[in-house]
Student: 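Sharing a structure, written as structure tokens. Questions coming.
Numbers restart at 1 for each chain; the letters A, B, ... are given by sequence-line order, proteins then strands. All values below were derived from every heavy atom in this structure, side-chain atoms included, with hydrogens, water molecules and symmetry-related copies excluded.
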There are 2 protein chains.
Amino acid sequence: MTISEVSKRCNISPDTLRYYEKAGLLLDVNRTAGGIRDYTEQDCTQIEFVKCMRSAGLSIEVLRKYFELFKRGKHTLKARRDLLATERKALQERFLELQGTLKRLDYKISVYDQAIASKNKELKF
Amino acid sequence: MTISEVSKRCNISPDTLRYYEKAGLLLDVNRTAGGIRDYTEQDCTQIEFVKCMRSAGLSIEVLRKYFELFKRGKHTLKARRDLLATERKALQERFLELQGTLKRLDYKISVYDQAIASKNKELKF
DNA sequence: ATAGCAGTTGGAGTTAACTCCAAGTCAAGC
DNA sequence: GCTTGACTTGGAGTTAACTCCAACTGCTAT
């Protein structure tokens, strides 16, 4: 698969794909004789993983560390597990905070609806 | 309340508080005769709101628009309500995505635990 | 009245994560 | 063999959201 095919399929720009690779977020992408990237299914799975983690808020740096550990071989299994567990915990906290914020917004919107129903009575903010 | 008091109380740096004010995220903060900011309880409530929304991912720009509408008076009640509803919807989507990512991480961590238990069998990535 | 500290400003600097660009290479079709 | 279009690289530019800085002002305590 060429970079533009992966780009379309994963909805990530070619520039970003190259950027991720350079940053160490992809494990050795194959090249054709001419030096052109030739992505495998496995690469795509990994790219999807990176995309998912990035959009959940994991930093490039954390993902770089994860793949760096990966390259060091299986004696880093525990370290990788722990890295993921740490990120999971942070994510869980943001998740709960988000839940609270959603409730807060729901409440605020309901207050707005009441204010609008009551002849456009102004609110504090 | 002085800026440093609010800073401690809300755990936001004085620089950020001034930055927010300049960006239009705070409705007219009072000043002493000498030109020093004198925050009210109400200001703090608003700052807390901004902090909460910011950490949920609402942009400075969106919050600026919200407070700009506010300053225009009560004929913007509906517009403000709709702005909040739009952001709420986006938040909800991120919330659900995060939920999926949490599950994915849980699964991945469990796969790691199995791999470690099975004599450190290496994984795909 | 002077030292010292907290506050003020405008503007410059920083960071993360892209995003764009110029100059060059390569494979395919005419 | 030449054009065309997708690919390559290193490096510069961009954006959002702070964060820092220098120069200045103004209370407060000695």
Side-chain angles (χ1 to χ4, degrees), chain A residues 1-26 28-40 43-44 46-68 87 90-91 94 97 101, chain B residues 1-26 28-40 43-44 46-68 87 90-91 94 97 101:
Chain A
M1 248 175 297
T2 69
I3 200 164
S4 62
E5 282 162 353
V6 176
S7 171
K8 266 166 215 153
R9 177 163 154 183
C10 300
N11 203 28
I12 299 180
S13 82
D15 269 319
T16 302
L17 287 169
R18 282 186 285 254
Y19 169 71
Y20 282 174
E21 189 180 336
K22 210 171 179 176
L25 272 53
L26 271 59
D28 33 78
V29 174
N30 274 349
R31 302 291 183 116
T32 64
I36 287 171
R37 287 175 183 78
D38 187 18
Y39 297 90
T40 63
D43 290 331
C44 277
Q46 211 184 118
I47 288 164
E48 271 301 338
F49 172 75
V50 165
K51 191 189 174 186
C52 178
M53 294 304 137
R54 282 290 305 125
S55 74
L58 273 72
S59 71
I60 299 280
E61 182 52 21
V62 159
L63 293 169
R64 194 197 56 70
K65 264 181 198 151
Y66 175 78
F67 286 110
E68 194 200 52
E87 295 306 312
L91 224 62
R94 265 180 283 149
E97 207 187 311
T101 304
Chain B
M1 246 174 296
T2 68
I3 200 164
S4 62
E5 282 163 352
V6 176
S7 171
K8 267 167 216 156
R9 177 163 154 182
C10 300
N11 203 29
I12 300 179
S13 82
D15 269 319
T16 302
L17 287 170
R18 281 186 285 255
Y19 168 72
Y20 282 175
E21 188 180 337
K22 209 170 180 176
L25 272 52
L26 271 58
D28 34 76
V29 174
N30 273 351
R31 301 290 183 117
T32 64
I36 287 171
R37 288 174 183 80
D38 187 18
Y39 297 91
T40 62
D43 290 332
C44 277
Q46 214 185 114
I47 288 164
E48 271 302 337
F49 172 74
V50 166
K51 191 190 173 184
C52 178
M53 294 304 137
R54 281 289 305 123
S55 74
L58 273 72
S59 71
I60 298 281
E61 182 52 21
V62 159
L63 293 169
R64 195 198 55 72
K65 265 182 195 147
Y66 176 77
F67 287 110
E68 193 200 52
E87 295 306 313
L91 225 61
R94 264 180 284 148
E97 208 186 310
T101 305

Student: Could you say whether Glu61(B) or Ile36(B) is positioned toward the 5' end of DNA chain D, judged by the nucleotide with the nearest heavy atom to each?
Tutor: Glu61(B)

Student: Strictly below 4.0 Å: does Arg18(B) bring a side-chain N or O up to OP1 or OP2 of dT9(C)?
Tutor: no

Student: Taking OP1 and OP2 of dC7(D), is either one under 4.0 Å from a side-chain nitrogen or oxygen of Ser4(A)?
Tutor: yes

Student: Roughly how many Å is it from CG in Leu25(B) to C1' in dA17(D), rounded to a whole number?
Tutor: 11 Å

Student: Report yes if at least one side-chain N or O of Thr16(A) is closer than 4.0 Å to OP1 or OP2 of dT19(C); otherwise report no.
Tutor: yes

Student: Has Asp38(B) got a side-chain atom pairing as donor or acceptor with Met1(B)'s backbone, closer than 3.5 angstrom?
Tutor: yes

Student: Identify the heavy atoms of Pro14(B) and Ser7(B) that sit nearest to each other, and give their distance.
Tutor: CD-OG, 3.3 Å

Student: Let me know the distance between CD1 of Ile3(A) and C1' of dT9(D), rounded to the nearest Å.
Tutor: 12 Å

Student: What orientation do Phe67(B) and Phe49(B) show, parallel under 30°, tilted 30 to 60°, or perpendicular over 60°?
Tutor: perpendicular

Student: Please round to the nearest 0.5 Å and tell me the distance separating atom OH of Tyr39(A) and atom CD1 of Ile47(A).
Tutor: 5.5 Å

Student: Nearest to the side chain of Ile60(A), heavy atoms from C-beta on, is which of dG7(C), dC18(C), dT9(D)?
Tutor: dC18(C)

Student: Looking only at N and O atoms, is any donor in the side chain of Asp15(A) or the base of dC18(C) less than 3.5 Å from an acceptor on the other one?
Tutor: no

Student: Just the rounded figure in Å: distance from P of dA17(C) to CD1 of Ile12(A).
Tutor: 14 Å

Student: Considering just the side-chain nitrogens and oxygens of Arg31(B), establish if one lies under 4.0 Å of OP1 or OP2 belonging to dT9(C).
Tutor: yes

Student: Rounded to the Å, how far apart are Leu17(B) CG and dG7(C) P?
Tutor: 11 Å

Student: Which whole-number value in Å describes the distance from Tyr39(A) OH to dT8(D) C1'?
Tutor: 11 Å

Student: Taking 4.0 Å as the cut-off, does a side-chain nitrogen or oxygen of Thr2(A) come that near to OP1 or OP2 on dC7(D)?
Tutor: yes

Student: With respect to the phosphate group of dC7(D), does any side-chain polar atom (N or O) of Arg37(A) fall under 4.0 Å of OP1 or OP2?
Tutor: no

Student: Can you measure Lys22(B) atom NZ to dA17(D) atom C1' for me and round it to whole angstrom units?
Tutor: 14 Å

Student: Please determine whether a side-chain nitrogen or oxygen atom of Tyr20(A) lies at a distance below 4.0 Å from atom OP1 or OP2 of dC18(C).
Tutor: yes

Student: Rounded to the nearest Å, what distance is computed from the CG atom of residue Asp38(A) to the C1' atom of nucleotide dA27(C)?
Tutor: 14 Å

Student: Could you check whether Arg64(B) pairs with Glu68(B) (Lys NZ or Arg NE/NH1/NH2 to Asp/Glu carboxylate O, under 4.0 Å)?
Tutor: yes

Student: Measuring from the side chain of Arg54(A) (C-beta onward, heavy atoms only), which nucleotide among dG11(C), dG10(D), dA17(C) has the closest atom?
Tutor: dA17(C)

Student: Please report the distance, rounded to the nearest Å, between OH in Tyr19(B) and P in dG13(C).
Tutor: 18 Å

